[in-house]
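Worth knowing before you read on, the calculation uses all heavy atoms, side chains too, and leaves out hydrogens, waters and symmetry mates.
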Amino acid sequence: MSQLLRVQNFNVSSDGFGAGEGQSLERPFGHADPGQMFAWAGATASWPNRTAPGGSRGLDDYLTRDFHNNIGAEIMGRNKFSPQRGPWENYEWQGWWGDEPPFHTPVFVMTHHERPSFTLSDTTFHFVGGDPAEVLAQAREAAGGKDVRLGGGAATIRQFLDADLVDTLHVTVSPGIVLGSGSRLWESPEELLDRFHCDVVPSPSGGVIHHLFWRK
């Protein structure tokens with residue numbers, strides 16, 4: 001199989017939410033605390049934002065490093081890019097990532113309100129309409145033969161799952177976090193077992209559980 005569509009390092013709470021309610025400019029994950037949800041990755045030696053030496057090795061570190069492996073493009077929903085809803089009020093907003101976004105590939109932002117593409121460092125953001133299959137076709141062409149990463153949020157991943165377009169998923173569940181509401185990926189990972197094999201692997205750190213899915 002060539003050019004996989006991959007979900008990687010996507011975190012959910014114990015009740016299946018990838019983000020909370022009340023998203024804003026200051027709180028891109030709503031009432032969820034991203035520092036708490038991504039603590040497992042932040043503790044690894046390969047975490048890209050690490051400013052001090054050290055960090056853990058092993059499975060968590062491998063999964064953190066694998067985030068960019070053979071990725072040629074990313075697809076994300078509009079609310080991973082911006083808290084704005086409806087028509088764009090202006091074009092000044094360029095995402096939460098500053099002048100050096102972490103993607104390093106073309107990024108296709110799914111939206112009903114298109115706007116001109118722009119480039120920051122080695123990342124170009126394209127704002128595209130269309131259904132999941134149409135957007136995936138554009139991303140695959142831009143990826144130059146490499147895989148495409150489906151970055152989220154949860155509602156966007158569900159669209160691609162419902163269209164049966166996802167090839168592999170790595171979802172990290174935080175057993176100690178209950179959000180109660182927000183953007184939900186699933187009520188139970190068993191919802192995907194009709195189409196995917198799944199290995200469930202506790203993190204060596206003990207803080208999260210990794211769910212690794214691949215198409216049957």
Quick one: list whatever passes ring pair (Phe, Tyr, Trp, His ring centres under 6.0 Å) with F108, sequence neighbours left out. H126
Pairs involving residues 104-116, ordered by first then second residue, that meet side chain to side chain donor-acceptor pair (under 3.5 Å) (sequence neighbours left out): H104-D122
CD (E21) and OG (S181) are apart, to the nearest 0.5 Å, by 3.5 Å
Mind running side chain to side chain contact (heavy atoms under 4.5 Å, CB included) on F213 and V7 for me, showing each step along the way? CA-CA 9 Å; F213 298 87; V7 176; over 6 Å; no
Close side-chain approach of L185 to F17, heavy-atom, < 4.5 Å: no
Flag yes if L136 and M110 sit in one hydrophobic cluster, no otherwise; membership is Ile, Leu, Val, Met, Phe, Trp, Tyr, and two members link when side-chain heavy atoms are under 4.5 Å apart. yes
Decide whether D61 and S56 meet the rule of one side-chain donor and one side-chain acceptor closer than 3.5 Å. no
Would you check if the side chain of N11 reaches a backbone N or O of V173 as a donor-acceptor pair within less than 3.5 Å? no
Output the distance between atom CZ (F67) and atom OH (Y62), rounded to the nearest 0.5 Å. 14.5 Å
If we ignore hydrogens and angles and just use 3.5 Å, is the side chain of R65 paired with the main-chain N or O of S46 as donor and acceptor? no
Donor on one side chain, acceptor on other, H170 and H211, under 3.5 Å: no
State yes or no: do F10 and F196 share one hydrophobic cluster built from I, L, V, M, F, W and Y residues joined by side-chain heavy-atom distances below 4.5 Å, directly or via other members? yes
Just checking, is any N or O donor in the side chain of S203 or S205 under 3.5 Å from an acceptor N or O on the other one? yes
Give me the atom names and distance for the closest heavy-atom approach of P101 to G98. CD-O, 3.8 Å
Linking Ile, Leu, Val, Met, Phe, Trp and Tyr by side-chain heavy atoms under 4.5 Å, what else ends up with L120? L25, M76, F81, W88, Y91, W93, W96, W97, F103, V107, V109, F118, F125, F127
Distance (rounded to the nearest 0.5 Å) between D33 CG and F38 CZ: 11.0 Å
Before giving the answer on salt bridge (charged side-chain N to carboxylate O under 4.0 Å, His left out), spell out for D164 and R215 the whole-Å C-alpha distance, their side-chain angles and the decisive distance to 0.1 Å. CA-CA 10 Å; D164 199 26; R215 185 187 288 274; 3.1 Å; yes
What residues join V178 in its hydrophobic cluster, counting side-chain heavy atom gaps under 4.5 Å, either direct or through other members? none
Distance-minimising heavy-atom pair for A155 and S183: N-OG, 3.7 Å
How long is the straight-line distance from CG of L212 back to OG1 of T168, given to the nearest 0.5 Å? 9.5 Å
I'd like to know if the side chain of R184 and the backbone of G182 have a donor-acceptor N/O pair within less than 3.5 Å. no
Might you point out which heavy atoms bring S24 and P83 nearest each other, and give the distance in Å? C-CB, 3.8 Å
Pairwise side chain to side chain donor-acceptor pair (under 3.5 Å) hits with a residue in residues 71-82, at least two apart: E74-K80, E74-R149
Donor-acceptor pair, R140 side chain versus D147 backbone, under 3.5 Å? no
Against T172, only a single residue in D60, N9, V208, V12 fulfils side-chain contact (heavy atoms from CB on, under 4.5 Å); can you say which? V208
Nearest non-hydrogen partners of N70 and R6, listed with the distance: O-NH1, 3.9 Å
Distance, nearest 0.5 Å, that separates OG1 of T64 from CZ of R57: 10.5 Å
Please assess E89 against Q84 for the test side chain to side chain contact (heavy atoms under 4.5 Å, CB included), listing each intermediate value before the final yes or no. CA-CA 8 Å; E89 298 174 2; Q84 300 179 46; 4.2 Å; yes
Is there a donor-acceptor pair under 3.5 Å between the side chain of E141 and the backbone N or O of Q138? no
Could you give the distance from CD1 (I177) to OG (S13), rounded to the nearest 0.5 Å? 7.5 Å
Which ILVMFWY residues are connected to I209, directly or by a chain of links, through side-chain heavy atoms under 4.5 Å apart? V200
The single option from L165, V135, L169, I157 passing side-chain contact (heavy atoms from CB on, under 4.5 Å) against L150: I157
Would the distance check show the side chain of D66 and the main-chain N or O of N69 forming a donor-acceptor pair, the cut-off being under 3.5 Å? no
Which pair of non-hydrogen atoms, one from L192 and one from L161, has the smallest distance, and what is that distance? CD2-CD1, 4.0 Å
Evaluate whether atom CG of D194 has more than 12 neighbouring non-hydrogen atoms of other residues, nucleotides or ligands under 6.0 angstrom away. yes
Taking W214's backbone N and O only, do any of them form a donor-acceptor pair with H197's side chain (distance below 3.5 Å, no angle check)? no
May I ask you to decide if E191's main-chain N or O and S188's side chain share a donor-acceptor pair within less than 3.5 Å? no
Donor-acceptor pair, distance only, cut-off 3.5 Å: does the side chain of Q23 make one with the backbone of F29? no
Looking at every heavy atom in both P102 and H68, which two are closest together, and how far apart are they? O-CE1, 2.8 Å
